[in-house]
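This report refers to the structure that appears directly beneath it.
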Amino acid sequence: MTRSAPIYWMMLLSCWFGQGCNRSANQNPSAISSVAPSDAPPNAPVAEAAKSPDVSKPSAFFENVSQQAGINFHYHAGREAGEYAILESLGGGVGVFDLDNDGLIDVMLAGGGKLDNKTVSPLPCKVFRNQGDFQFVEVTTQTNLASDRFYNHGIFPGDYDGDGFVDMAISGYGGIQLYHNQGDGTFDFQEVLRSHPEIPWSSSLAWADFNRDGVLDLYVTHYVDWSFSKHPVCFVNSDSREVCAPKDFEGLDDVLLFGDAQGGFHPKSADIGLLPNGKGLGVVASDFDLDGDVDIYVANDTVDNFFYLNDGTGKFVDNAVIAGVAGDEFGVSTGSMGIAVGEFTGDTLPDIWVTNFERELFALYRNEGNGLYTHVSRNAGLAALGGLYVGFGTVSVDMDQDGDNDLVVANGHVSYNSKNSTFKQVPLLLQNDGKGRFTRQKDDAYFAELHSGRGVVTADFNNDGCCDLVFSHLEEPVTILRGTNQNKQPRCSIRLVGTSSNRDAIGATVELPTRHGARSIGVNGGGSYLSTSDNRIAFSLADGKSKATVKWPSGSIEEFWLDPASNQSDRINLVWIEGQSHAER
């Protein structure tokens, strides 16, 4: 329902002069006895968006195969200590990668930690090897990837030394844990990357080659200045203990760690144009202005988002306000978490999608070219979702194999006593009509259930060309969904391998025809929330023989032909090596 103009502007002004339309909690200096919160706050309405008229008939784009997969593991936030610490609200993520180069995508999950006796302590991450046919076995001990030196949040694989084996960075409270892949299925702990001198609380990371030297660099988002010595007691509704809001803390500076050819990293921030005092939760590295270098978009919580345009040498200018991507449609800062980049409106330009806090529109920024964007959420039909959701992880997938980018969102509250919606919330499945207008799809299984959603990734675990999903939650097991090719369309998956470019080919762009016109798909660093998706490019093949073009980060351009008729199955899986050749896998 559209608000009348006078009422709407009165509400907007009250937000500006009041709480900023973001999270809030009333601070009270008097302490009360702490009681561990239950799974759902009392007297909160159910976040059931199925009542909304934008929900279409039931769909079956995904099949829940969690029980078959055998991954019975969950992120532990430390809520049982009853501290109501902002640390416990972030949750954990998922990383998917081929740890042993056997052609099957494996899974790593953040473990979190505990908050007992005013002390932050870690719990180990877990690694699960793909055995095929959606069956996984835990190999944490064998790989030496427990990553339990710090309370951990995010999982970020990347081949930082270019030796052909995927290495690992783990974000969290205390520092970044860096592991080197030995090439035999095991990892060697390298060092702790102290990305912040005093409060090294890192959230999301993004691997990319920002200075175009062929070596991966690492962008690090930091959240807020919290510790048990800076742990205020906050209340909501005057009598209920609550997690304090981000506005009760100072933000921390992000940093960019430049990699060298020897596997070392060198931090820089202000001298390359990064702004201070962000409250970063999500980050993605992509060539937004299509000038051949990798730019950065950061989702900040309750302060303006950052939009750094690269000059080609690893120096940046923040263009968020000018570009129109700093906040909502009125320029007001939002509580932003998850990010996805994709061509959502059918014009071959990379758009930006951001999940936000309750009572805030999720943001779809349409790329107008020349570094400018328009906030088009209302025109895209997204206002029909209502204001119930607190959105975290999000990914772009072509779930219906029609050649355009659809969206998946993991939702879950951070406030235990919200009056607006439940702590657990339903995830969202948003289908694109090909022109950038989205309709929520109702699903009788996972997407109709309440979950404490945080990270989500997309991967192709069985190499059938369809996008599968993994969701992480707070204090409940992960969920694995298998993508189904309902339309039985021929599919193609391409893994790009850089030689002159960084080996992961982050920053590359593939332009190709589909059944519904030309598409441009980028290989991005970061994205979603605390998580890393499969970096292979997957798409529906056009009818007949067609030409695809790869623009590598090094500047070279290569072309190759795709012909479904020459393949005996309904999918083509390719490995394309820069400057050499491609081979079917």
Side-chain angles (χ1 to χ4, degrees), residues 1-26 40-41 43-54 86 89 234-237 240 242-248 279 281-282 299-305 326-339 353-365 375-394 407 409-428 430 438 440 450 452-454 529:
M1 180 181 296
T2 303
R3 301 184 183 97
S4 62
I7 296 175
Y8 180 79
W9 284 106
M10 288 176 65
M11 291 178 65
L12 185 62
L13 287 171
S14 68
C15 289
W16 282 340
F17 292 107
Q19 299 296 334
C21 290
N22 295 311
R23 313 174 196 186
S24 61
N26 298 320
N43 304 318
V46 175
E48 182 46 76
K51 300 174 183 177
S52 173
D54 69 303
I86 194 171
S89 65
C234 298
F235 292 81
V236 66
N237 307 327
S240 299
E242 186 57 273
V243 175
C244 293
K247 68 180 182 63
D248 296 311
K279 296 181 180 180
L281 288 176
N300 285 318
D301 194 1
T302 72
V303 298
D304 280 359
N305 298 328
D328 66 12
E329 58 193 319
F330 303 105
V332 178
S333 300
T334 51
S336 299
M337 276 79 80
I339 311 173
W353 162 256
V354 182
T355 62
N356 290 320
F357 198 66
E358 68 177 13
R359 295 184 294 167
E360 297 174 346
L361 272 177
F362 290 178
L364 179 60
Y365 302 104
H375 190 290
V376 295
S377 296
R378 294 188 187 278
N379 290 339
L382 298 166
L385 296 175
L388 295 175
Y389 303 110
V390 178
F392 280 94
T394 186
L407 288 164
V409 182
N411 297 307
H413 223 299
V414 296
S415 299
Y416 302 128
N417 301 286
S418 172
K419 287 186 174 181
N420 302 301
S421 58
T422 54
F423 184 71
K424 292 185 177 183
Q425 301 180 348
V426 291
L428 296 174
L430 305 175
F438 292 85
R440 177 173 177 251
L450 296 173
S452 53
R454 289 301 186 263
Y529 173 76

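Numbers here are sequence positions counted from 1. From a predicted model like this one, the values you see are computed outputs, not experimental measurements.
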Separation between CG of L430 and CG of L364, rounded to the nearest 0.5 Å: 10.5 Å

Shortest non-hydrogen contact from S336 toward A299: CB-CB, 3.7 Å

Side chain proximity check, V236 to S415, heavy atoms < 4.5 angstrom: no

Least distance between heavy atoms, R378 atom then A383 atom: NH1-CB, 3.9 Å

Centroid separation F392 to H413 less than 6.0 Å: no

Which atom of T394 lies closest to which atom of G338, heavy atoms considered: CG2-C, 3.8 Å

Nearest non-hydrogen partners of S377 and A363, listed with the distance: OG-CA, 3.3 Å

Validation row: R454, V414 side chains within 4.5 angstrom (heavy atoms): yes

Distance (rounded to the nearest 0.5 Å) between N356 CG and D328 CG: 8.5 Å

V426, L450, L428, V390 screened by side-chain contact (heavy atoms from CB on, under 4.5 Å) with N411, the one that passes: L428

Separation between CD1 of I86 and CD of E242, rounded to the nearest 0.5 Å: 11.0 Å

Side chain to side chain, Q425 and L388, heavy atoms closer than 4.5 Å: no

Heavy-atom donor-acceptor pair, N305 side chain to N300 backbone, under 3.5 Å: yes

Separation between OG1 of T334 and CG of D304, rounded to the nearest 0.5 Å: 8.5 Å

side-chain contact (heavy atoms from CB on, under 4.5 Å) between Y389 and S421, intermediate numbers included: CA-CA 7 Å; Y389 303 110; S421 58; over 6 Å; no

Atom pair CZ (F362) and CZ (F438), whose distance is rounded to the nearest 0.5 Å: 13.0 Å

Atom pair OG/NZ of S333 and K247 - distance to nearest 0.5 Å: 14.5 Å

